[in-house]
Each structure stands twice: as structure tokens, then as C-alpha cells.
Amino acid sequence: MPELPEVETVATGLHRRVAGDVIESIWLGDKPQTFKSKPAEIAATVEGTLISAVRRVGKHIVVDLEAPGAKSEVRQWIVHLGMTGRFLVVDPAVELAKHTHAIARLKSGRELRFVDPRRFGKLAVVREGAGFAGPGSEPLTITREDFIQLFRRRKSPIKAALLNQKLLHGVGNIYADEALFRAGIRPKRHAGKLTRDELTRLHKELVKVLRAAIKAGGTTVSDYVDSAGESGLFQFRLRAYGRTGEPCLRCKTPIKRIVVGGRSTHYCPKCQG
DNA sequence: AGGTTGACCTGGACGC
DNA sequence: TGCGTCCAGGTCAACC
């Protein structure tokens with residue numbers, strides 16, 4: 001899936017295209033695993049509302065909704081894409097993709113469809129603005145000092161800590177590897193043993209790589225597409241992720257693949273000390 | 001309590 | 001062509 005840059009791309013694309021539209025009705029499929037809130041509650045929350053905004057929080061897409069005559073009431077449709085989820089705006093004439101789990105019919109005549117083969121994605125609704133995101137900071141806005149403090153006394157490998165959504169929101173396997181490569185830090189290093197200089201570098205490189213990936217419309221490895229069905233472009237600029245055995249772009253040493261925290265991890269054994 | 005592992009799913013790539 | 005195995009961008013619950 002979709003990590004922060006991909007979710008950001010989908011959310012901003014949806015915002016541009018459907019903000020101001022009205023959800024007239026919604027159809028929900030029969031795979032219970034997809035629905036974190038009860039289907040009846042999802043329908044009751046979204047039907048008849050105006051989409052006031054679509055934005056990203058961590059790896060979640062938040063659709064802000066306004067019920068007629070109740071502008072101040074909090075209503076949100078929360079979509080998590082899991083690994084293979086797609087959230088698309090399409091013409092109703094477009095053939096239904098296999099594994100379509102939700103279809104919202106919009107007043108403009110278009111449809112908002114949620115498609116997810118592996119079913120790790122989730123749909124939910126929130127009614128009182130009670131945080132669904134939990135603890136953790138946004139990597140694009142956290143200060144350098146707070147970033148450094150996050151990893152104090154952590155014994156897990158820095159790679160695993162970067163993926164821990166209770167610490168940072170939105171970093172996944174691709175960008176964790178990329179940030180560590182660019183900062184020259186070995187993924188297995190204990191987070192708590194990194195120096196201030198190393199963490200400063202990591203913070204800077206993480207922000208840089210996330211921003212560059214957003215600009216490129218995200219990374220498409222296999223499934224990811226934006227809200228219009230378009231692939232991203234950042235896969236052509238990856239330096240470590242998925243480059244097992246290929247020469248390091250800095251020193252030509254073959255990139256190594258290991259497993260850290262159960263996730264496949266790519267790094268340069270020479271540049272990342 | 002913090003850290004690690006396996007389970008949840010489908011489908012594509014690869015080897016025989 | 002067909003079957004088996006492995007792998008995949010995420011998250012939890014269950015264990016140590």
C-alpha cells in the first residue's frame with residue numbers, strides 16, 4: 001500500500017474532484033472484514049451529506065462530511081487503503097472491478113468506489129471527532145527536537161521504530177528504507193543508540209524523501225494508483241527499496257536484502273554504517 | 001511495558 | 001499448462 005505520499009496523493013486528488021459534491025446513497029459489499037464500523041452505521045452517516053473536504057491523517061483518508069442543517073456536527077468517513085486498496089472517482093458506466101467493496105453514488109452523477117483485493121483496507125465512520133489516529137506524530141510537521149526524543153531509550157532497530165505508527169504516522173516499508181539509505185544509517189541499529197547527528201540527518205532525509213514522493217504522485221510497485229487510476233512515478237527514483245543485488249547508486253556495492261521486524265529491508269552494506 | 005512473531009487475504013512471479 | 005512455493009506497500013492480537 002500506500003504509505004504517506006500515496007495516501008496524500010489520493011486524498012488531495014479526491015479533494016480536488018469531489019469536494020462540494022453530495023453522497024446520495026452508498027452500496028456496501030458483504031465482506032465484514034472491510035467494515036470497521038457497522039455497514040448500517042456507515043450508510044446512515046454518509047448518505048445525504050455534502051463532502052466538505054478530503055484530507056490525509058497518517059495513512060488514513062478522512063472525508064469530512066456535512067449533514068444538511070447540522071453544519072457544526074462532526075461526521076467523517078475514514079478510509080484506510082491497507083496494502084492493495086484503491087479509492088477512485090469513476091463514471092458509473094465503467095465496469096465494476098473485481099473486489100469492489102463500496103460504491104458511493106454522487107449527486108454529480110459520478111461514483112466513488114473502494115476496491116481492495118487483499119482486504120487489508122478498512123472503512124469506518126466517526127461521529128464525535130474522537131481521534132481515530134491514536135498517539136504518534138506526523139513526520140512532515142514534527143520538530144527536529146521532538147523527532148530526536150521519539151527514539152530515546154528505544155531498543156528496537158531503527159527500521160522497526162520508523163514503521164511504528166505509535167511513534168510516527170505514515171512511514172511504511174518503502175520510505176523507511178529510502179530515508180535510512182539517504183541518511184547513511186544501517187536499518188538494524190538500535191534506535192536508542194543513534195547519535196543526535198544521525199537522528200538529525202534521518203529527520204531531514206525522511207522529510208525530503210516524503211516530499212519528493214508526494215511531488216511525484218507516489219510510488220507504484222504493483223497495485224497503487226491515485227483517485228483517477230493513475231500510477232505514481234517515484235518508483236523510478238528509489239535508491240534502496242527493491243534494488244536487491246543491484247549496485248548502490250553511490251558506491252556500486254550490491255544492495256543487500258535482510259529481514260528486520262519481519263519486513264524485507266534493503267540497504268547498502270558499505271554506505272550505511 | 002516494549003519488542004517480536006504470525007495471522008489476516010489475494011494474486012503475481014518463479015521454478016520444476 | 002499446471003502445480004507448488006514464496007513474496008507483497010499494513011496492522012493487530014498474542015506471545016516473550
Side-chain angles (χ1 to χ4, degrees), chain A residues 1-11 29-37 56-61 78-87 97-101 114-124 132-136 139 149-181 187-193 206 209-210 213-214 216-226 230-245 257-266:
Chain A
M1 138 131 144
E3 307 180 28
L4 186 153
E6 291 75 36
V7 179
E8 176 87 16
T9 302
V10 173
D30 61 358
K31 297 287 189 289
Q33 193 192 76
T34 302
F35 307 107
K36 215 173 163 188
S37 306
R56 176 194 66 78
V57 174
K59 292 178 193 169
H60 302 266
I61 297 165
I78 311 295
V79 178
H80 195 295
L81 300 174
M83 295 263 264
T84 54
R86 299 178 171 201
F87 203 21
K98 203 175 165 185
H99 307 296
T100 298
H101 305 301
F114 178 70
V115 181
D116 183 16
R118 272 176 86 182
R119 273 184 268 146
F120 289 168
K122 297 272 179 281
L123 303 185
F132 60 88
Q149 295 306 319
L150 278 184
F151 303 103
R152 282 194 61 181
R153 283 194 293 260
R154 290 260 147 204
K155 292 183 77 183
S156 60
I158 183 62
K159 163 79 185 264
L162 283 172
L163 295 179
N164 184 346
Q165 303 294 303
K166 291 194 172 100
L167 300 177
L168 277 178
H169 289 166
V171 181
N173 208 32
I174 294 175
Y175 299 106
D177 280 4
E178 290 300 304
L180 288 167
F181 175 85
K188 272 198 172 166
R189 295 272 306 281
H190 286 337
K193 289 194 178 157
L206 178 61
V209 74
L210 292 174
I214 290 169
T219 299
T220 297
V221 172
S222 57
D223 299 274
Y224 164 74
V225 292
D226 69 11
E230 299 289 328
S231 295
L233 290 171
F234 201 73
Q235 60 276 20
F236 302 114
R237 291 162 58 189
L238 297 175
R239 298 182 194 170
Y241 181 83
R243 298 194 63 247
T244 312
R257 178 188 177 277
I258 58 173
V259 174
V260 181
R263 315 299 304 281
S264 100
T265 297
H266 315 74

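Values below: all heavy atoms of this structure, side chains included; hydrogens, waters and symmetry mates excluded. We name chains A, B, ... by the order of the sequence lines, and we start the count at 1 in each one.
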Quiz item: A:Lys159 and A:Thr265: which non-hydrogen atoms are nearest, and at how many Å?
Solution: NZ-OG1, 2.8 Å

Quiz item: Taking the side chain of A:Lys59 as heavy atoms from C-beta outward, which of C:dA8, B:dG3, C:dT11 is closest to it?
Solution: C:dT11

Quiz prompt | A:Val79 side chain reached by A:Phe114 side chain, heavy atoms, under 4.5 Å | solution = yes

Quiz prompt | Selection from B:dC8, C:dT11, C:dC7 that lies nearest to any side-chain heavy atom of A:Gln33 | solution = B:dC8

Exercise. Round to a whole Å and report the spacing from NE2 of A:His169 to C1' of C:dG10.
Key: 14 Å

Self-check item: Closest to the A:Glu3 side chain, choosing from C:dG10, B:dG2, C:dA8
Solution: C:dG10

Quiz prompt | Whole-Å gap separating C1' (B:dT4) and CG (A:Leu163) | solution = 13 Å

Self-check item: B:dT10 phosphate, OP1 or OP2, under 4.0 Å from A:Thr84 side-chain N/O
Solution: no

Self-check item: Interatomic distance, A:Leu167 CG vs B:dA1 P [rounded to whole Å]
Solution: 16 Å

Exercise. Give me the ring orientation class for A:His60 and A:His80: parallel if the planes are under 30° apart, tilted from 30 to 60°, perpendicular past 60°.
Key: perpendicular

Self-check item: Whole-Å gap separating P (B:dC9) and CZ (A:Arg86)
Solution: 21 Å

Quiz item: Where do A:Leu163 and A:Ala176 come nearest, in terms of heavy atoms and distance?
Solution: CD2-CB, 4.0 Å

Practice problem: Remember a base hit wins even if backbone is also touched, and classify A:Ser264 as base, sugar-phosphate or nothing at under 4.0 Å, heavy atoms. | Solution: sugar-phosphate

Quiz prompt | Separation of B:dC9 C1' from A:Asp30 CG (nearest whole Å) | solution = 15 Å

Exercise. Give, for atom OG1 of A:Thr219 and atom OH of A:Tyr241, the distance between the pair rounded to the nearest 0.5 Å.
Key: 9.5 Å

Exercise. Under 4.0 Å between any heavy atoms, over every strand shown, what does A:Gly262 touch: base, sugar-phosphate, or nothing? Just pick one.
Key: nothing

Quiz prompt | Side-chain donor/acceptor contact of A:Arg119 with base of B:dC9 under 3.5 Å | solution = no

Quiz item: What does A:Pro5 touch in the nucleic acid at a heavy-atom separation under 4.0 angstrom: a base, only the sugar-phosphate, or nothing?
Solution: nothing

Quiz item: Considering only C:dA8, B:dG11, C:dG10, which nucleotide approaches the side chain of A:Arg118 most closely?
Solution: C:dA8

Quiz item: What stem regions, each of at least 3 consecutive Watson-Crick or G-U pairs below 3.5 Å, can be found for DNA chain C?
Solution: B:2-8 with C:10-16, B:10-16 with C:2-8

Practice problem: Describe the nucleic acid contact of A:Tyr175 in one word from base, sugar-phosphate, nothing, applying a heavy-atom distance below 4.0 Å. | Solution: nothing

Exercise. For A:Asp223, report the nucleic acid contact type (base, sugar-phosphate, nothing); a contact means any heavy atom under 4.0 Å.
Key: base

Exercise. Would you kindly give the CG-to-C1' distance between A:Leu168 and C:dT11, to the nearest whole Å?
Key: 16 Å

Practice problem: Answer whether the closest heavy-atom distance between the side chains of A:Pro2 and A:Val10 falls below 4.5 Å. | Solution: no

Quiz prompt | Closest to the A:His99 side chain, choosing from B:dG11, B:dT4, C:dT11 | solution = B:dG11

Quiz item: Between A:Arg263 and C:dG10, is there a side-chain N or O to OP1/OP2 distance below 4.0 Å?
Solution: yes

Quiz item: Going by heavy atoms in the side chains, are A:Val7 and A:Phe87 under 4.5 Å from each other?
Solution: no

Self-check item: B:dG2 OP1/OP2 closer than 4.0 Å to side-chain N/O of A:Arg152
Solution: no

Practice problem: To the nearest Å, give me how far apart NZ (A:Lys36) and C1' (C:dC12) are. | Solution: 10 Å

Practice problem: Look at A:Lys122 and C:dT11 and indicate whether a side-chain polar atom (N or O) is within less than 4.0 Å of OP1 or OP2. | Solution: no

Practice problem: Provide the distance between the two P atoms, one in C:dA14 and one in B:dC9, to the nearest whole Å. | Solution: 15 Å

Quiz prompt | Any A:Arg154 side-chain nitrogen or oxygen under 4.0 Å from OP1 or OP2 of B:dG3 | solution = yes

Quiz item: If we ignore angles and hydrogens, is there a donor and acceptor under 3.5 Å between the side chains of A:His266 and A:Asp177?
Solution: yes

Quiz item: Can you name the nearest heavy-atom pair linking A:Phe35 to A:Gly29, along with the distance?
Solution: CE1-O, 3.4 Å

Quiz prompt | Side-chain N,O (A:Lys166) to OP1/OP2 (C:dT11) below 4.0 Å | solution = no

Quiz item: Nearest to the side chain of A:Lys98, which nucleotide is it out of C:dG10, B:dG11, C:dA8?
Solution: B:dG11

Exercise. Pick the P atom in B:dG6 and in C:dC6, then give their distance to the nearest Å.
Key: 14 Å

Quiz item: Is a donor on one side and an acceptor on the other found under 3.5 Å between the side chain of A:Thr100 and the backbone of A:Val115?
Solution: no

Exercise. Provide the distance between the two C1' atoms, one in B:dG12 and one in C:dT11, to the nearest whole Å.
Key: 23 Å

Quiz item: Has A:Phe120 got its ring stacked on C:dT11, by the test of a centre gap below 5.5 Å and a plane angle below 30°?
Solution: no

Self-check item: Rounded interatomic separation in angstrom, taking CG from A:Asp116 and P from C:dA8
Solution: 18 Å

Quiz item: Is there a side-chain polar atom (N or O) of A:Gln165 under 4.0 Å from OP1 or OP2 of C:dG10?
Solution: no

Quiz item: When all nucleic acid strands are considered with a 4.0 Å heavy-atom cut-off, which category describes A:Arg153: base, sugar-phosphate, or nothing?
Solution: nothing

